[in-house]
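Read the numbers this way: they start at 1 and go in the same order the structure lists the ligands and their atoms. These numbers were taken from a predicted model, which means no experiment stands behind them. The chain is numbered in sequence order, starting from 1.
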Amino acid sequence: MPDQPRTGLRLMHVHAHPDDESSKGAASTAKYVAEGVDVHVATCTGGERGSVLNPKMDRPDVLANISEIRRQEMERARDILGIRQDWLGFVDSGWPEGDPKPPLPEGCFALEPLEEAAGRLVAVIRSFKPHVLTTYDERGGYPHPDHVMCHRISVEAFHAAGDPERYPDAGEPWQPQKLYYHHSFNRPRMEALHEAMLEHGLESPWAERLKEWKPEPEWDARITTRVPCGDFFGVRDQALLAHATQIDPDGFWFAIPRELQEKVWPTEDYELVVSHVDAPTPEDDLFAGISAD
Ligand SMILES: [Zn+2]
């Protein structure tokens with residue numbers, strides 16, 4: 001346990017689907033929970049249009065009840081991570097497949113008017129009163145329409161939540177002090193893990209992906225914040241496994257031994273995008289410069 005538990009500090013992550021909270025920033029979540037921080041995840045959609053990505057779960061009974069099963073998976077992950085969680089209640093847009101891509105399904109999250117959709121998040125922010133808000137970068141982290149929309153409503157809500165003239169029916173204004181984007185799927189990390197696997201005579205799951213992914217030094221230079229959380233990779237893995245329809249226990253998520261990950265890249269990485277406090281970057285803590293109420 002840390003010397004000074006950080007009771008009174010609140011962190012909110014906004015995610016597109018159930019499982020995203022476990023695949024992005026989950027180890028830093030677990031670390032902050034262990035330190036006494038209150039962590040809340042707002043999940044935009046129910047993941048209703050997600051495919052079953054674990055061959056062992058690709059069964060008719062699972063497919064017939066996918067919405068309910070994903071809710072239960074989320075509840076398990078929530079308990080493992082020790083967080084609170086709310087559904088914003090939007091409908092999964094699905095991953096458009098085909099050339100040309102088909103139009104997005106009517107009524108889905110990505111087609112919601114921005115202001116209206118952000119209003120639901122503003123209400124959750126004003127109720128939970130986070131000091132720090134995280135979301136995806138403007139590319140969505142990966143270009144799923146729900147991830148891009150999650151980014152858009154998060155930025156909109158971050159700026160509106162503290163303004164008494166915006167969304168006057170969504171609760172008392174509350175201004176989070178910092179806004180971060182997740183950057184944990186960065187190329188330098190993937191490259192370092194890939195090299196480490198080869199050095200140890202192991203098969204890297206990233207060989208193909210690295211060949212296709214051109215270096216983007218300017219993008220990577222946007223990282224301001226590396227949160228040490230290697231001790232919590234085990235909790236992250238348990239939370240991931242709770243999403244049994246989405247995560248194949250024999251797939252790439254678990255192809256790299258945890259000890260190697262802890263040694264080679266023991267941080268989760270973020271970009272500080274907006275800050276209303278005085279704290280220099282680079283930093284190693286999302287709460288740098290922030291004190292509890
Ligand atoms: Zn997602």
(request) Considering only Ile, Leu, Val, Met, Phe, Trp and Tyr, and joining two whenever side-chain heavy atoms are under 4.5 Å apart, list the other residues clustered with W219. (result) none
(message) Checking one residue: L133. Which other hydrophobic residues are in its cluster under the side-chain 4.5 Å linking rule?
(response) M12, V14, L88, F90, F109, L114, L121, V124, I125, F128, M149, I153, V155, F158, W174, L179, Y181, V273, V274
(request) Could you name all protein N, O or S atoms found under 2.8 Å from the Zn ion (ligand 1)? (result) H17 ND1, D20 OD1, D20 OD2, H147 NE2
(message) Under the ring-ring contact (aromatic ring centres under 6.0 Å, His included) test against H15, which residue among H40, H182, H151, H147 passes?
(response) H182
(message) Taking ring-ring contact (aromatic ring centres under 6.0 Å, His included) as the cut-off, I'd like each qualifying pair that reaches into residues 234-258, sequence neighbours left out, listed once.
(response) W206-F252
(request) Determine, using ring centers only, whether Y142 and F185 are less than 6.0 Å apart. (result) no
(request) Indicate if L272 and I290 have the same hydrophobic cluster label, given that clusters are the connected sets of ILVMFWY residues with side-chain heavy-atom separations under 4.5 angstrom. (result) yes
